6 protein chains.
Amino acid sequence: MEILVVNPNRVDGCTRLIHAAARAAAAPGTTVTTLAPGRGPFELTGQSEVLFSAVGVLEVIARTPADAVVMAGFGEPGKEAAQELTAAPVLDITECGPLLARTLGASYTIVTSTAAAVPIVEDRLRALRLDAACAAVLASGQSVPDLVERRERALEAVAGVAALAATEVVVLGCGGMAGMAADVASATGRVVVDGVSAAVKLAESLGVLGLAPARAPRPPVTGWPFGD
Amino acid sequence: MEILVVNPNRVDGCTRLIHAAARAAAAPGTTVTTLAPGRGPFELTGQSEVLFSAVGVLEVIARTPADAVVMAGFGEPGKEAAQELTAAPVLDITECGPLLARTLGASYTIVTSTAAAVPIVEDRLRALRLDAACAAVLASGQSVPDLVERRERALEAVAGVAALAATEVVVLGCGGMAGMAADVASATGRVVVDGVSAAVKLAESLGVLGLAPARAPRPPVTGWPFGD
Amino acid sequence: MEILVVNPNRVDGCTRLIHAAARAAAAPGTTVTTLAPGRGPFELTGQSEVLFSAVGVLEVIARTPADAVVMAGFGEPGKEAAQELTAAPVLDITECGPLLARTLGASYTIVTSTAAAVPIVEDRLRALRLDAACAAVLASGQSVPDLVERRERALEAVAGVAALAATEVVVLGCGGMAGMAADVASATGRVVVDGVSAAVKLAESLGVLGLAPARAPRPPVTGWPFGD
Amino acid sequence: MEILVVNPNRVDGCTRLIHAAARAAAAPGTTVTTLAPGRGPFELTGQSEVLFSAVGVLEVIARTPADAVVMAGFGEPGKEAAQELTAAPVLDITECGPLLARTLGASYTIVTSTAAAVPIVEDRLRALRLDAACAAVLASGQSVPDLVERRERALEAVAGVAALAATEVVVLGCGGMAGMAADVASATGRVVVDGVSAAVKLAESLGVLGLAPARAPRPPVTGWPFGD
Amino acid sequence: MEILVVNPNRVDGCTRLIHAAARAAAAPGTTVTTLAPGRGPFELTGQSEVLFSAVGVLEVIARTPADAVVMAGFGEPGKEAAQELTAAPVLDITECGPLLARTLGASYTIVTSTAAAVPIVEDRLRALRLDAACAAVLASGQSVPDLVERRERALEAVAGVAALAATEVVVLGCGGMAGMAADVASATGRVVVDGVSAAVKLAESLGVLGLAPARAPRPPVTGWPFGD
Amino acid sequence: MEILVVNPNRVDGCTRLIHAAARAAAAPGTTVTTLAPGRGPFELTGQSEVLFSAVGVLEVIARTPADAVVMAGFGEPGKEAAQELTAAPVLDITECGPLLARTLGASYTIVTSTAAAVPIVEDRLRALRLDAACAAVLASGQSVPDLVERRERALEAVAGVAALAATEVVVLGCGGMAGMAADVASATGRVVVDGVSAAVKLAESLGVLGLAPARAPRPPVTGWPFGD
């Protein structure tokens with residue numbers, strides 16, 4: 001089974017962390033390809049960059065054959081759009097982290113990157129009808145570059161905030177936190193779910209069970225916006 | 001006061017209808033400029049085109065000085081992103097139609113274009129916390145080209161669906177329905193609110209009252225995605 | 001256009017403040033008449049006075065011709081009843097403040113008069129289905145006489161509470177705060193929406209767009225309760 | 001124990017029906033006095049009459065000593081106001097019918113008088129946070145005079161609508177239906193709860209358990225609106 | 001009228017306290033029998049004991065003739081199951097405490113036994129659709145043995161937590177607190193509702209009004225699990 | 001990895017169907033043991049049998065070592081209790097079917113066995129906070145014996161109801177439907193999720209990711225209710 005993982009930002013170190021976490025979670029027979037968009041913002045620091053990145057993310061998904069697609073941005077839009085462009089099931093870590101977390105506790109806390117991400121994540125959870133079991137969305141204050149380049153310090157910050165959660169289960173709410181779950185868990189005693197790993201396992205689960213969207217993909221009626 | 005109205009699709013006739021409705025609603029001293037994106041999909045027939053159009057919409061907003069901005073796509077994302085790019089208040093017809101409708105009735109029905117638009121509109125209303133007073137989102141079966149090119153037939157279809165509403169108040173849920181409110185009202189006996197007109201009046205209201213977002217605009221940290 | 005504004009209490013200074021705010025918000029061609037009930041409680045300090053005042057408010061509305069009616073009590077009942085008594089659209093500042101505030105932020109905080117008003121406002125918002133976007137209703141501790149007679153001190157108190165809001169947008173939740181929005185905004189850096197001004201602009205918006213309730217008014221079947 | 005029951009309309013036959021039902025439900029040692037307002041609308045056919053009646057209802061409550069008060073209008077406002085005017089607990093049949101019904105089923109259907117009453121009842125239930133367990137509010141099409149004067153036909157109509165309920169438990173949603181519960185139950189096989197009877201039993205329950213509001217009554221600060 | 005009260009645990013002192021409270025609340029003509037299960041856990045300290053106790057509770061209810069049944073465990077499941085086994089109405093103190101409390105205030109706080117009981121109570125309230133009016137569920141830290149054997153200290157602890165409630169009305173959320181309402185009320189100035197007493201009065205109310213479930217009891221199709 | 005699957009009823013054919021579906025879904029290295037309780041009701045036709053079965057289910061879980069536990073009753077209680085009795089994560093098909101379904105669509109329809117199961121499933125979903133994305137719970141009218149013994153006819157009935165779903169995704173809401181997903185999907189064109197298969201894959205996912213409840217198991221303080 002071939003899983004395509006797409007990192008919405010273009011921070012190389014982040015793509016590598018996401019790939020490593022996806023690879024570590026994957027079953028022996030699963031191939032993981034992790035790509036960032038070929039165009040678009042380097043980092044997603046606000047709502048406009050989130051939207052700008054979507055075009056590049058959709059381009060990658062439309063052009064890369066795969067058996068399943070994992071979108072590795074937490075809170076970013078585009079899952080519904082991506083599903084129009086591929087026959088493979090598209091999984092969003094914003095869904096998969098919380099969904100797997102729900103098997104381990106009736107509610108959970110999401111620890112995300114910066115304060116600017118909090119309302120983006122909250123709005124997206126509400127649109128996805130996943131807000132009922134979410135006790136809180138907390139900011140760790142760590143941007144993607146922080147998470148990639150100052151890993152030790154970032155881990156400490158994430159664990160510090162995770163330790164404040166009112167729930168036993170914590171969901172890592174940023175692709176740049178991929179790979180941190182075990183360390184945050186051992187530092188805090190919490191059950192810590194990483195969205196990228198969760199999405200890989202859910203993608204494989206759909207694959208084994210032969211589950212996929214019923215509708216055929218349809219390209220945009222009025223053409224692709226990508227140059228070549 | 002200068003109001004910039006942005007039509008997310010590139011159907012010229014639709015831009016003209018939106019402009020006419022905005023112009024008709026505006027106060028004598030208000031200048032209305034209505035623009036479509038310079039790039040992006042011609043028509044928004046699905047979720048991917050909705051996202052692709054956002055880049056062009058944001059480009060127009062970032063580059064066109066105005067005292068207020070009206071986004072004329074019903075259900076489209078991007079308001080929060082657009083507000084990062086301009087000091088002017090950004091109003092979304094997805095909010096303004098329902099908000100003005102609420103002064104006339106405790107709940108309302110939205111009549112939108114095609115069946116594909118229904119879940120897009122519903123998700124957006126939920127994200128905006130505007131779902132509580134919305135009795136239903138109904139599809140008229142009319143695409144934007146239908147609304148522009150076969151106006152008589154489209155009007156009949158929209159009125160036919162509006163007449164089925166369980167509420168006294170109906171909101172027109174598509175920019176391409178701009179200008180239809182009076183005709184739908186007289187055909188059905190309902191109170192019919194057009195989002196474009198509502199947004200223009202709300203934009204002027206903010207202007208007169210000196211209300212605008214408290215935060216200064218901030219360009220995307222890692223540059224614009226637009227070529228030149 | 002003629003707007004009738006009704007202050008539910010009979011504190012003259014409050015009627016004057018409401019009138020000044022309504023007048024300042026109104027367009028050049030708009031006539032504003034602001035009236036208090038000719039009978040009923042002087043001040044609304046509890047739930048019984050709120051109900052007692054409604055008779056006088058409805059009497060004013062039934063007897064005064066107007067193109068639109070603004071009810072200037074925040075949290076008071078009676079909008080639905082008033083709408084039965086006049087063909088003009090009836091706008092309630094309890095709705096109009098929050099509705100206009102929603103164009104400027106996804107949620108807002110209401111700062112009201114005394115602690116006794118908090119549950120009255122909360123119950124009314126719930127009945128109006130406007131509670132979803134309201135982050136909190138906070139009491140300033142200032143009664144209507146405080147707001148009228150000790151304006152400087154009251155302004156300080158209102159601004160002090162507004163500064164505690166978790167949201168960027170604040171709605172002034174008492175007719176007696178009419179005229180305070182700019183001062184509270186400059187003292188706190190928040191976006192501050194006054195319900196009376198908002199209602200005047202929304203009333204004018206309905207007027208320009210030709211929007212009004214579809215149903216004809218109907219006098220009470222078993223006669224008016226007013227003496228002569 | 002002395003229970004004061006207040007009928008918000010002035011239809012004598014209705015007051016008598018309410019009194020009979022209250023009397024039939026009361027324990028041997030309980031005295032029941034049932035009064036209608038001395039002023040105000042004869043019948044409550046709309047929202048304005050509902051508000052007009054409240055003054056007279058509050059006057060009766062303020063002037064009549066009792067150990068408990070039952071407000072016998074279904075959907076009418078005023079409970080909170082009435083509680084300010086008396087040390088006795090004030091029970092509203094809009095609450096008591098649904099509360100007792102909840103002991104017999106997880107949800108219930110309310111059958112009310114005319115279509116005009118439906119939104120009034122729905123709004124009131126939402127304000128009271130009693131909407132979650134209410135499956136539907138259905139109109140029987142029977143006004144208070146219908147219920148009083150054409151009792152047989154009205155009973156048939158109420159039972160006809162009750163038979164359509166999706167729930168096993170039905171709440172009679174109008175004071176004028178007092179006394180009909182057993183007949184509607186035997187005609188439909190449903191469990192039928194009458195609000196007046198329920199309120200009398202709940203009032204007696206509070207009495208036996210020594211439960212009453214903690215706060216002392218407080219007369220309106222600026223005087224009573226009643227002449228004499 | 002014969003009321004069967006069932007204490008889900010087997011702590012004799014607790015059964016006696018519950019019986020005394022039920023007896024004190026009952027009308028002169030009411031007979032109260034209070035029983036604990038003949039098998040099952042001594043004390044309910046966790047979710048498994050809660051389920052284990054249900055078999056014994058259902059056995060008691062199936063085998064003991066009564067006109068009404070009161071289940072005296074707060075948050076325990078089984079009401080729906082019990083109702084299948086008897087023609088008498090089954091009342092659960094988890095419902096009856098909050099329902100009677102609602103007549104005295106729009107919301108209330110539940111003070112329960114230990115922290116482990118809090119999520120059990122919260123889940124049950126949500127299943128029963130009684131969560132909307134519940135401001136908070138607070139733990140007193142007192143287990144059933146604490147409540148029975150160290151009554152003075154337990155009372156102090158319960159009153160200490162009740163005094164922190166944000167609402168005027170407090171519901172005692174544990175059968176072992178039966179009989180404490182008056183003392184907690186006088187120590188805190190709150191209105192304090194005991195679920196056992198409330199259930200007895202509601203049971204008697206149903207009896208007087210002739211209200212009972214419409215469906216006949218049905219024994220389990222595949223036999224009773226009880227030995228002999 | 002060893003997965004223990006527990007069928008709450010004692011219908012042998014049902015246990016075999018559940019085992020086959022679990023086995024078919026499991027990864028090569030996974031061992032699946034499927035057990036029914038050694039005591040308790042043969043079939044769960046009502047709420048009392050649901051509760052009676054829980055003791056036997058908990059007994060099996062407490063006595064059978066495993067790396068993960070799957071509870072194969074749809075709507076049955078006991079997950080929280082079971083989690084107290086084992087260190088292995090306990091997964092409930094009532095959660096796992098809907099959770100996996102959510103990756104394939106924003107909402108889904110549950111098709112359950114008989115009409116009696118509908119309120120049981122609805123109450124459990126509400127307690128689990130999984131009701132928001134559930135469009136409807138529909139009864140197929142097929143009991144567990146029907147599903148086991150008249151497989152062809154039952155399949156037709158389940159597919160017939162699934163075809164009525166308003167959503168693209170359907171969840172099979174009964175353990176006895178295990179193994180039917182592919183046939184129902186091909187008969188209806190819907191995406192059909194079987195809870196048993198979903199739970200097995202989610203259990204394996206937790207295993208691979210090293211996720212398990214943080215709290216150690218705790219036996220009931222006052223002893224086991226099982227004889228020997």
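These values consider heavy atoms only, across backbone and side chains, with no hydrogens, waters or symmetry-generated copies. All figures in this text were calculated on a predicted structure; none of them were measured in a lab. Letters A, B, ... mirror the listed sequences (proteins, then strands); counts begin at 1.
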Residue among B:Thr45, B:Leu44, B:Leu125, B:Leu128 with most heavy-atom pairs under 4.5 Å to chain A: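 So the answer, after comparing B:Thr45, B:Leu44, B:Leu125, B:Leu128, is B:Thr45.
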Verdict with supporting geometry, B:Glu80 and A:Asp123, side-chain contact (heavy atoms from CB on, under 4.5 Å): CA-CA 11 Å; B:Glu80 298 83 359; A:Asp123 286 4; 4.2 Å; yes
Residues, nucleotides or ligands: over 12 heavy atoms within 6.0 Å of A:Arg150 CZ: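 Atom CZ in A:Arg150 is crowded, with more than 12 foreign heavy atoms closer than 6.0 Å.
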Electrostatic pair A:Arg218:B:Glu49 at N-O distance under 4.0 angstrom: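 Yes, charged N to carboxylate O under 4.0 Å.
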Chain B contacts, top residue of A:Arg124, A:Arg10, A:Arg129 (heavy-atom pairs, under 4.5 Å):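 Of the options given, most contacts go to A:Arg129.
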Separation of A:Leu85 CG from B:Ser48 OG (nearest 0.5 Å):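 Nearest 0.5 Å value for the OG-CG distance: 4.5 Å.
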A:Leu51 and B:Val55: CA distance, side-chain angles, deciding distance, side-chain contact (heavy atoms from CB on, under 4.5 Å) verdict: CA-CA 7 Å; A:Leu51 271 189; B:Val55 175; over 6 Å; no
Under 4.5 Å from a heavy atom of chain B, the part of A:Glu43 involved: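 Both parts, backbone and side chain.
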Short side-chain to backbone donor-acceptor contact, B:Gln47 and A:Glu84, under 3.5 Å: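 Here the side-chain-to-backbone pair does not exist.
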